[in-house]
Engineer: 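Quick one: structure below, then a few questions.
Order of appearance sets the numbers: ligands from 1, and atoms from 1 within every ligand. On a predicted model such as this, the values are computed, not experimentally measured, just so you know.
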Amino acid sequence: MLKLYNTLTKQKEEFKPIVIGKVGLYSCGPTVYNYIHIGNIRAYLNADILKRYLTSIGYEVRHIKNITDVGHLTDDDIAQGDSGEDKISKKALTENKSPEEIARFYEQAFKKDEDLMNILPANYFPRATAHVPAMIQMIEGLIEKGFAYKKNGNVFFAVTEFEKYGQLSGNTLANLKVGARLAEHPDKKNPWDFALWLASPKEHLMKWSSPWGEGYPGWHIECSAMSMEYLGDTVDIHTGGEDNIFPHHEAEIAQSECFSGHKFVNFWLHNRHLLVNGEKMSKSKGNFYILKDILDKGYSPMELRLTLLSSHYRSQMNFTWDAMEQAKSNLQKISAWVANLKNISSGENDSASEIDFVHIYQKRFEEAMDDDLNTPLALSVLYELITETNKLLSEEKLSATTAKDILGFWEKINKVLGLEIASSAIEVPEKMFTLAEERKTARDNKDFQKSDELREEIEKAGYIIEDLKDNNYKLTKK
Ligand code: AMP
Ligand code: ZN
C-alpha cells in the first residue's frame, strides 16, 4: 500500500486516485531564463521517481510539467510597486535577443538536462505564453464571483474572501498579520492579496491585451490554468520544492477552488531543499551548480542521480563532492554486479544450489518505496542483495537460474531507480568487486589478517582499494 506524505494534511496517507488505475500528476516546471541547477534537478527527479513508481505498481500516469516562459516579477517586487522588466526580459536585453529566443533556448537546455539525468519526459510541457487566454478567462470568472478586484489595470485576488486561505502553508490571515512584512502595493486592499494580472508600462517587452488593458499574468495563475486545462478541476498529485508551498501553491489553491468550486489537489508533495554549505542552493544567492559543473568535474549524470536518490526527498540534503565520490563507487559496484550476473546467467552449468531469496528483496524494496518513496532505504536493500550475491559468487554457489532471477529483479527495480549503467564504463573487473566485498566481510568480522591479504591480492592485480565512511570502499585502477 503506497503512502505519501501530504503537505495539506501533514501526514502520510494511503494514496487513492480519483479514477481507478489512473493518476493525474502536475509538477511546477522551470522559469526558462537560465540553466536549471541541481537543486531544481532534485525537485524534478523526485517527481520522476514518483511517476516511475506509480507506473511500476500499475497506474497509468498523465504528467504535466509547465514551462514558465512569462518572466514574472517576484511577489516582493510587485508588493513594492516595481514595474521593471522581469527575469526573462532582463536576460533578453543583456544578450540582445528577444524574450522568446531566451525562453526557447533555456527550455531546450532544461529538456536536455532532464534527458541526461534520465528523467522521463512529462506527457506534455505546456508553455505559459500559450495559455494567457485561459488565464484571462479564469481571472474574469474570479472577478465575477467576487474573489478578485481590479484597480488601475491590475487585478488582485482578495485573500479575505477565501476562508481556507493558509490551509497548506499555515499562513492563515491571522498568522500573516503577526509576521507582516510586505510593503503595501498602492492598488491592493490587503497586503496579502496577490496579483492575478498586472498592468505593464508601454516599453515592457512581454505583454498581452486583456479586458483590463495591456499587461501580463501573475505567476500563480498559470499553474492553475494549465493544471485545469490538462488534468481537470481536481488533480491527484501536485509536486514542487518546499519553497513553492507559500505563496505559490497556497495561491494556486485559493484561485482554483474559488473558480471551479472543487478541491484543486488531493496530494501535495514537496521536496526539501538541496543545500550547499548548509544554505539553500539558489540562483539568486549564486551558490549553485548546474549539471555542466558536475560533468566538468568528471562525474556522470548517473552518479548525480544516485547521489540525489541516496537521501530521502523530504529531508534536507547537503550537496558534497564526497557524496558524489561515494555514488561513483556505488555505481561501479552495481555495474560490476550486473555484469557478473549476466555472465553467470548465460552459463550452462546449473548444478549449484537454488536459493530463492529474490522475492524477499522485492518485498523489502516495495515496502521502502511504499513508505513515502524512501529511496535511501530501497537502495540499502539493493546493496544488501549485492553483498549477498557476491558472497555466493565467491563461494561458487550462484547458479545460472538464481543469477537470472536476480537480474530480473534488478531490471524491475531499475525501472523505478532509472540508473543507466550499461553505458557507464566498467574500469574495474567484476572479480575485484568480489574480492572487495570479501574484504568488507572480513573487516566486519574484524579479521584484519584476511582483510590485508585481500587488499594485497587486489593491489597485485593492478587496482587500488580505498576505505570510505561506514565500511564502504572505492576501487580504482592503478
Ligand atoms: P524555480 O525555477 O526556482 O521555480 O524552481 C523549480 C523547482 O525547483 C521548484 O519546484 C522549486 O521549488 C525547486 N527548487 C528550487 N531550488 C531548490 C533547491 N535548492 N533544492 C530543491 N528544490 C529546489
Ligand atoms: Zn507552479
Engineer: With a heavy-atom distance limit of 4.0 Å, tell me whether N271 approaches ligand 1 through its side chain, its backbone, both, or neither.
Structural biologist: side chain
Engineer: Do you know which of K51, H63, H238 makes side chain to side chain donor-acceptor pair (under 3.5 Å) with S27?
Structural biologist: H63
Engineer: Counting each atom of ligand 1 from 1 as listed, which ones have a heavy atom of G240 under 4.0 Å away?
Structural biologist: 10 (O)
Engineer: My understanding is that we take every heavy atom of each candidate and find the minimum distance to atom 18 (C) of ligand 1. Doing that for H273, K87, K65, which one comes out nearest?
Structural biologist: H273
Engineer: Which of the numbered atoms in ligand 1 are under 4.0 angstrom from any heavy atom belonging to N40?
Structural biologist: 5 (O), 6 (C), 7 (C), 8 (O), 13 (C), 14 (N), 15 (C), 16 (N)
Engineer: Charged N to carboxylate O below 4.0 Å: is that the case for K363 and D370?
Structural biologist: no
Engineer: Using a 6.0 Å distance limit plus a 45 degree cone around the ring axis, check whether K150 lies over the aromatic ring of W197.
Structural biologist: no
Engineer: Mind checking whether R42 has an N or O less than 3.5 Å away from an N or O of ligand 1?
Structural biologist: no
Engineer: Write out the residue and atom name of the closest protein heavy atom to atom 7 (C) of ligand 1, then the distance separating them to 0.1 Å.
Structural biologist: Y44 OH, 3.7 Å
Engineer: With a cut-off of under 6.0 Å to the ring centre and 45° to the axis, is K151 in cation-pi contact with F156?
Structural biologist: no
Engineer: Suppose we measure from atom 19 (N) of ligand 1 to each protein heavy atom; which comes out shortest, and what is that distance?
Structural biologist: M281 O, 2.8 Å
Engineer: Atom 23 (C) of ligand 1: which protein heavy atom is closest, and how many Å away?
Structural biologist: G39 O, 3.5 Å
Engineer: Is a side-chain donor-acceptor pair under 3.5 Å present for Q255 with S224?
Structural biologist: yes
Engineer: Do any N/O/S atoms of C223 come under 2.8 Å of the Zn ion (ligand 2)?
Structural biologist: yes
Engineer: Please state which protein non-hydrogen atom is closest to atom 9 (C) of ligand 1 and give its distance, to 0.1 Å?
Structural biologist: N244 OD1, 3.4 Å
Engineer: Please could you name the atoms of ligand 1 that D243 approaches to less than 4.0 Å, counting only its heavy atoms?
Structural biologist: 11 (C), 12 (O)
Engineer: Which of the listed options, H37, H270, E242, holds the heavy atom that is closest to atom 16 (N) of ligand 1?
Structural biologist: H37
Engineer: Side chains of N190 and T160: does their closest heavy-atom pair fall under 4.5 Å?
Structural biologist: yes
Engineer: May I ask you to identify the nearest protein heavy atom to atom 13 (C) of ligand 1, giving residue, atom name and distance to one decimal place in Å?
Structural biologist: A43 CB, 3.8 Å
Engineer: Please say whether G241 places an N or O atom under 3.5 Å from an N or O atom belonging to ligand 1.
Structural biologist: yes
Engineer: Taking the six-membered ring of Y383 as reference, does the cationic atom of K333 (NZ for Lys, CZ for Arg) lie under 6.0 Å from its centre and within 45° of its axis?
Structural biologist: yes
Engineer: What protein heavy atom sits nearest atom 20 (N) of ligand 1, and how far off is it?
Structural biologist: L274 N, 2.8 Å
Engineer: Between M206 and T129, what is the shortest heavy-atom contact and its length?
Structural biologist: CE-CG2, 4.1 Å
Engineer: Salt bridge check: are K164 and E257 linked by an N-O gap of less than 4.0 Å?
Structural biologist: yes
Engineer: Need the ligand 1 atom indices (1-based, order shown) with element for anything under 4.0 Å from a heavy-atom of T31.
Structural biologist: 2 (O)
Engineer: With a 3.5 Å cut-off and no angle check, do the side chains of S300 and R305 form a donor-acceptor pair?
Structural biologist: no
